[in-house]
Engineer: 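Just passing along the structure, written as structure tokens.
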Amino acid sequence: MPDAAIAPAVASGRGNRLWRVLATGLSFLAFGVGGVLFGLLAFPALNIGVRDEARRRRLARKLVQRSFAFHIELMRVLGVLTYEIRGRERLQRDGLLVLANHPTLIDVVFLVSLLPNADCVVKSAVARNPFMRGPVRAAGYVSNDDGAGLVEDCIAAVKAGGNLVIFPEGTRTVRGQPPKLQRGAANIAVRGRLDVTPVRLSCTPMTLGKGEKWYRVPTRRFHVVVDVQEDLPIARFLDAAEPGTGGDAAAARRLNDYLTNFLFV
């Protein structure tokens with residue numbers, strides 16, 4: 001009798017997991033098709049209808065924000081995930097340097113969905129991707145092609161009012177390994193004298209991590225928490241850089257060390 005009672009529950013669990021595999025695939029398909037359609041229709045229409053470059057870029061970023069917010073909501077409605085946003089109001093400003101940890105593939109989708117004027121550093125491969133090429137060009141995202149001028153480009157983007165989203169790790173966190181932050185984000189903050197808006201991201205149970213296949217869904221819907229922290233004043237790290245200790249380079253190291261502990265608690 002107990003076995004007979006367990007069997008339907010097991011079948012139900014398997015059916016739910018199969019649905020979430022299908023729903024996850026549908027979500028990624030919708031994301032890709034949406035990117036192509038925006039690139040073919042929406043962004044060319046913006047280029048023709050809006051002559052002012054700054055206004056056109058702002059409208060393009062707003063469109064990307066809303067499409068990403070729609071994508072998150074689609075995943076929620078389909079039963080793929082649930083989520084919680086803490087400190088959302090801290091992102092409703094211009095000229096932010098947003099630094100976050102990077103546990104999952106959809107971190108940037110969450111963050112951009114919350115930022116009305118989001119800017120991102122994108123790889124050249126992403127800029128050439130047919131799914132992303134249109135949004136990337138129309139929104140005027142910072143390209144990492146110019147290594148020498150990348151830091152200055154990022155500083156200029158923030159000072160122009162953009163909300164620059166950077167993952168200091170440079171890639172998704174590798175599960176089971178200690179986090180290792182690259183120096184680029186800290187250099188941008190220090191050399192630009194920019195305060196940092198830190199964001200802690202978590203995903204439970206973990207999925208869509210580095211090297212993990214999208215169809216390897218967890219045993220239940222995963223829950224994402226986006227926790228926007230209070231601004232971190234850059235002055236505290238500049239003050240710590242005493243004469244003879246390396247100046248900006250020392251300040252960047254101190255900021256990196258702090259973020260390594262702060263973002264991965």
Side-chain angles (χ1 to χ4, degrees), residues 9-39 64-65 67-85 98-114 118 120-136 141 144 165-182 199-227 260 263-265:
V10 172
S12 176
R14 288 174 179 169
N16 180 268
R17 191 166 189 171
L18 177 59
W19 164 249
R20 284 185 290 108
V21 171
L22 295 173
T24 302
L26 178 61
S27 300
F28 280 105
L29 177 62
F31 187 85
V33 172
V36 171
L37 291 178
F38 280 160
V64 171
Q65 179 204 11
S67 67
F68 280 17
F70 172 82
H71 186 71
I72 294 295
E73 188 62 14
L74 175 65
M75 295 182 78
R76 186 193 67 79
V77 170
L78 290 175
V80 175
L81 58 77
T82 58
Y83 63 89
E84 178 184 358
I85 312 297
V98 179
L99 304 185
N101 61 316
H102 195 3
T104 81
L105 183 63
I106 58 173
D107 297 332
V108 69
V109 180
F110 266 100
L111 287 176
V112 171
S113 75
L114 298 169
C120 304
V121 178
V122 297
K123 298 178 181 179
S124 56
V126 173
R128 293 193 298 267
N129 185 300
F131 300 134
M132 296 299 294
R133 183 169 51 216
V136 166
Y141 293 149
N144 72 348
V165 177
I166 298 180
F167 301 105
E169 295 167 272
T171 186
R172 280 171 284 168
T173 308
V174 179
R175 225 192 296 193
Q177 296 186 14
K180 185 176 181 180
L181 274 59
Q182 299 181 15
V199 179
R200 292 187 186 125
L201 296 160
S202 65
C203 176
T204 310
M206 185 59 198
T207 186
L208 298 176
K210 181 74 172 178
E212 297 177 3
K213 303 298 185 183
W214 65 267
Y215 50 81
R216 298 291 186 187
V217 301
T219 55
R220 56 185 172 86
R221 289 185 299 174
F222 61 94
H223 183 69
V224 175
V225 176
V226 181
D227 193 358
T260 300
L263 293 176
F264 298 90
V265 294

Engineer: Would you give me the side-chain donor-acceptor pairs under 3.5 Å for residues 104-111, sequence neighbours excluded?
Structural biologist:
| from | atom 1 | to | atom 2 | distance (Å) |
| --- | --- | --- | --- | --- |
| Thr104 | OG1 | Ile106 | N | 3.3 |
| Thr104 | OG1 | Asp107 | OD1 | 2.8 |
| Asp107 | OD2 | His102 | ND1 | 2.6 |
| Asp107 | OD2 | Thr104 | N | 2.8 |

Engineer: Where the side chain of Arg175 meets the backbone of Gly209, is there a donor-acceptor pair that is under 3.5 Å apart?
Structural biologist: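 Checking the backbone N and O of Gly209 against the side chain of Arg175, no donor-acceptor pair under 3.5 Å is found.
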Engineer: For Thr260, give me all partners under side chain to side chain donor-acceptor pair (under 3.5 Å), at least two apart in sequence or on another chain.
Structural biologist: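 Scan of Thr260 (side chain to side chain donor-acceptor pair (under 3.5 Å), adjacent residues dropped) gives none.
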Engineer: List for me each residue that meets side chain to side chain contact (heavy atoms under 4.5 Å, CB included) alongside Glu73, sequence neighbours excluded, and say none if there are none.
Structural biologist: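 Testing Glu73 for side chain to side chain contact (heavy atoms under 4.5 Å, CB included), a comparison that skips the adjacent residues, returns Arg76, Val77, Tyr83.
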Engineer: Given Phe222, which of Thr204, Leu208, Thr82 fulfils the side chain to side chain contact (heavy atoms under 4.5 Å, CB included) condition?
Structural biologist: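 Only one of Thr204, Leu208, Thr82 forms a side chain to side chain contact (heavy atoms under 4.5 Å, CB included) with Phe222, namely Leu208.
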Engineer: Within the distance-only criterion (no hydrogens, no angle test), does the side chain of Asn101 pair as donor or acceptor with the backbone N or O of Leu201 below 3.5 angstrom?
Structural biologist: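 Checked: pair present.
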Engineer: By side chain to side chain donor-acceptor pair (under 3.5 Å), which residues pair with Thr173, not counting sequence neighbours?
Structural biologist: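 Residues passing side chain to side chain donor-acceptor pair (under 3.5 Å) with Thr173: Glu169.
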Engineer: If the condition is side chain to side chain contact (heavy atoms under 4.5 Å, CB included), which residues does Ser202 pass it with, not counting sequence neighbours?
Structural biologist: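 Once residues adjacent in sequence are excluded, the partners of Ser202 under the side chain to side chain contact (heavy atoms under 4.5 Å, CB included) criterion are Val225.
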Engineer: For Arg172 and Gly211, indicate whether the former's side chain and the latter's backbone hold a donor-acceptor pair under 3.5 Å.
Structural biologist: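 Not confirmed, Arg172 side chain does not pair with Gly211 backbone.
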Engineer: Does any non-hydrogen side-chain atom of Phe167 lie less than 4.5 Å from one of Val121?
Structural biologist: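 With C-beta onward as the side chain, the pair stays apart.
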Engineer: Using the salt bridge (Lys or Arg N to Asp or Glu O under 4.0 Å) criterion, which residues pair with Arg220? Sequence neighbours excluded.
Structural biologist: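 Expected list: none.
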Engineer: Do Val217 and Arg20 have side chains that get closer than 4.5 Å, going by heavy atoms?
Structural biologist: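 Yes, their side chains come closer than 4.5 Å.
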